[in-house]
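I have placed the structure first, in the form of structure tokens, so that the comments after it can refer back to it.
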Amino acid sequence: MSGSPSPALSLRAWWAQRPPAAGAAVLATGILSVGLHLAGYEALSRVLLALAGAAWVALGVDFAVRLVGERERWLTEAATPGGLTAVAATTVLGTRVSALGWQTLAEALLALAAVLWPVLLLRVMGNWSRRMPGEVFLCCVATQGLAVLAATVAAAEATAWPAHAALVLFWLGLVLYILMLARFDRRQVTEGAGDHWVAGGALAISAFAGARLVAADSPALYLWNVDDMDVLRKVTVALLVLALCWYAVLLVAEIGWPRPRYDVRRWATVFPMGMTAAAMTAVSTALDLAWPEGTGKVLLWVAAAAWLVVAAMAVAEARESIRSTARR
């Protein structure tokens, strides 16, 4: 007997083709949830957190299944920068659930990300080439994501050692950014499929990490002396300004060289947009600066609009892919 595959089989076939870069959808949704929370839009933030959490569970199960049942494929995909979205997305979710007061879950996600980070980072670094797409900056994003979550947990639990670990990760992330910038193919700015935006998003999450390190300090912990605090503040502001410069350059490139077709890497465009908005709000609060707050709110709604557009395109693409599979 022959016939079209059932909808369940078609869905399974579509899911099996999912690349590691699909994890950027969780990353983008999670950071938009964080940004909405920081801006005071709690209801919307929780809706997106639920979506990000559900997607994270689904991708996490798939990650484990491939590790156990498709070892060669897992090893191949783990060697690509897109695999680091597993670490970055986990840290973003941990940061958001910490704000809900779920510290045990946040600490568990921190531990999981800390275990995955060296394994995936070393595999990716072992496969570097001279000219790489924008997703290579996920090496920095994953590292700074760990710094953000560690500093967040330190502040929530009034414990010093996670903050000190976060500071080491913060500086390491900046070193990795410089190394990635040397390998980034600049042509991606006008030709990239969406992940080229991570070049700016990596600086934005670095600024966010700096803000969280500053905010983690308190009279009870006394993490940083005056000189250390001054350096952190200056570096954080500089990173935020550089992230905004990248944002402007990439936005102009999108207008000058439009790329309207959907690609799963477009989720890696939404993430830097949301990350820049969240970083501006976090820096404004932690460093008591007025100028980033208003711009951050504007960029937050730009990121929300981009999320809706990419989500609609992703659903349309998935439906067409499943229908095509069913017709064969």
Side-chain angles (χ1 to χ4, degrees), residues 23-60 88-110 113 141 144-145 147-158 162 201 204-205 207-216 218 236 240 243 267 270-312 314:
V26 182
L27 189 56
T29 307
I31 199 57
L32 190 56
S33 174
V34 171
L36 288 167
H37 164 71
L38 293 174
Y41 302 100
E42 191 64 22
L44 281 175
S45 174
R46 293 193 180 205
V47 170
L48 286 174
L49 175 61
L51 291 174
W56 182 88
V57 170
L59 291 172
T90 300
T91 61
V92 168
L93 281 179
T95 300
R96 181 62 186 94
V97 300
S98 177
L100 293 173
W102 302 346
Q103 301 311 325
T104 301
L105 179 56
E107 291 167 11
L109 291 172
L110 175 60
V141 170
Q144 295 292 15
V148 169
L149 182 51
T152 300
V153 169
E157 298 290 350
I205 196 172
F208 193 92
R212 282 298 166 98
L213 285 166
V214 171
S218 68
T236 297
L240 185 63
W267 285 112
V270 180
F271 161 69
M273 288 182 164
M275 188 70 255
T276 303
M280 295 194 75
T281 303
V283 170
S284 176
T285 301
L287 277 63
D288 195 23
L289 298 174
W291 66 267
E293 185 177 6
T295 306
K297 287 185 177 180
V298 172
L299 295 184
L300 178 64
W301 293 115
V302 172
W307 186 92
L308 288 172
V309 170
V310 173

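Side chains included, hydrogens not; waters and symmetry mates left out as well; all remaining heavy atoms used.
Between A154 and P162, the shortest heavy-atom distance links the atoms CB-CB, 3.9 Å. Residues A209 and A147 approach most closely at CB-CB, 4.2 Å, considering heavy atoms. Closest approach of L59 and G23 over heavy atoms only: CD1-CA, 3.9 Å. Minimum interatomic distance between A286 and A211 (heavy atoms only, all atoms of both residues): CB-O, 3.4 Å. Closest approach of T90 and W56 over heavy atoms only: OG1-NE1, 2.9 Å.
Here the CD atom belonging to E42 is positioned 4.5 Å from the CZ atom belonging to R46, to the nearest 0.5 angstrom. Of the inter-residue distances, the one linking L93 atom CG with I31 atom CD1 reads 10.0 Å to the nearest 0.5 angstrom. Note that CZ of R96 is 8.5 Å distant from CH2 of W102, once rounded to the nearest 0.5 Å. Atoms CG and CD, on L149 and E107 in that order, are 9.0 Å from each other to the nearest 0.5 Å.
W291 is linked by a ring pair (Phe, Tyr, Trp, His ring centres under 6.0 Å) to nothing, counting only residues two or more places apart in sequence or in another chain. Scanning for salt bridge (Lys or Arg N to Asp or Glu O under 4.0 Å) contacts around E157 gives an empty result, with sequence neighbours left out.
Using modelled atom types, one side-chain atom of T91 and one backbone atom of A88 make a donor-acceptor pair closer than 3.5 Å. In this structure, the side chain of S33 does not engage the main chain of T29 through any donor-acceptor pair within 3.5 Å. Remark: the backbone N or O of A207 is not paired with any side-chain donor or acceptor of T236 at under 3.5 angstrom. Between the side chain of T276 and the backbone N or O of P272, at least one donor-acceptor pair lies under 3.5 Å. The main-chain N or O of T281 is found under 3.5 Å from a side-chain atom of T285 such that the two form a donor-acceptor pair.
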Item to check | Trace of the side chain to side chain contact (heavy atoms under 4.5 Å, CB included) decision for M280 with L300 | outcome: CA-CA 10 Å; M280 295 194 75; L300 178 64; over 6 Å; no
Item to check | Evaluation steps, side chain to side chain contact (heavy atoms under 4.5 Å, CB included), between L49 and H37 | outcome: CA-CA 10 Å; L49 175 61; H37 164 71; over 6 Å; no
Next on the checklist: For Q144 and F208: C-alpha separation, side-chain torsions, deciding distance, then whether side chain to side chain contact (heavy atoms under 4.5 Å, CB included) applies.
Outcome noted: CA-CA 9 Å; Q144 295 292 15; F208 193 92; over 6 Å; no
Item to check | side-chain hydrogen bond (donor to acceptor under 3.5 Å, both in side chains) evaluation trace for Q103 with S98 | outcome: CA-CA 5 Å; Q103 301 311 325; S98 177; 2.9 Å; yes
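Applying side chain to side chain contact (heavy atoms under 4.5 Å, CB included) to L32 and the options L27, V270, L51, L48 leaves one that passes, L48. If you run side chain to side chain contact (heavy atoms under 4.5 Å, CB included) between V97 and each of T152, T104, V92, L109, only L109 comes through.
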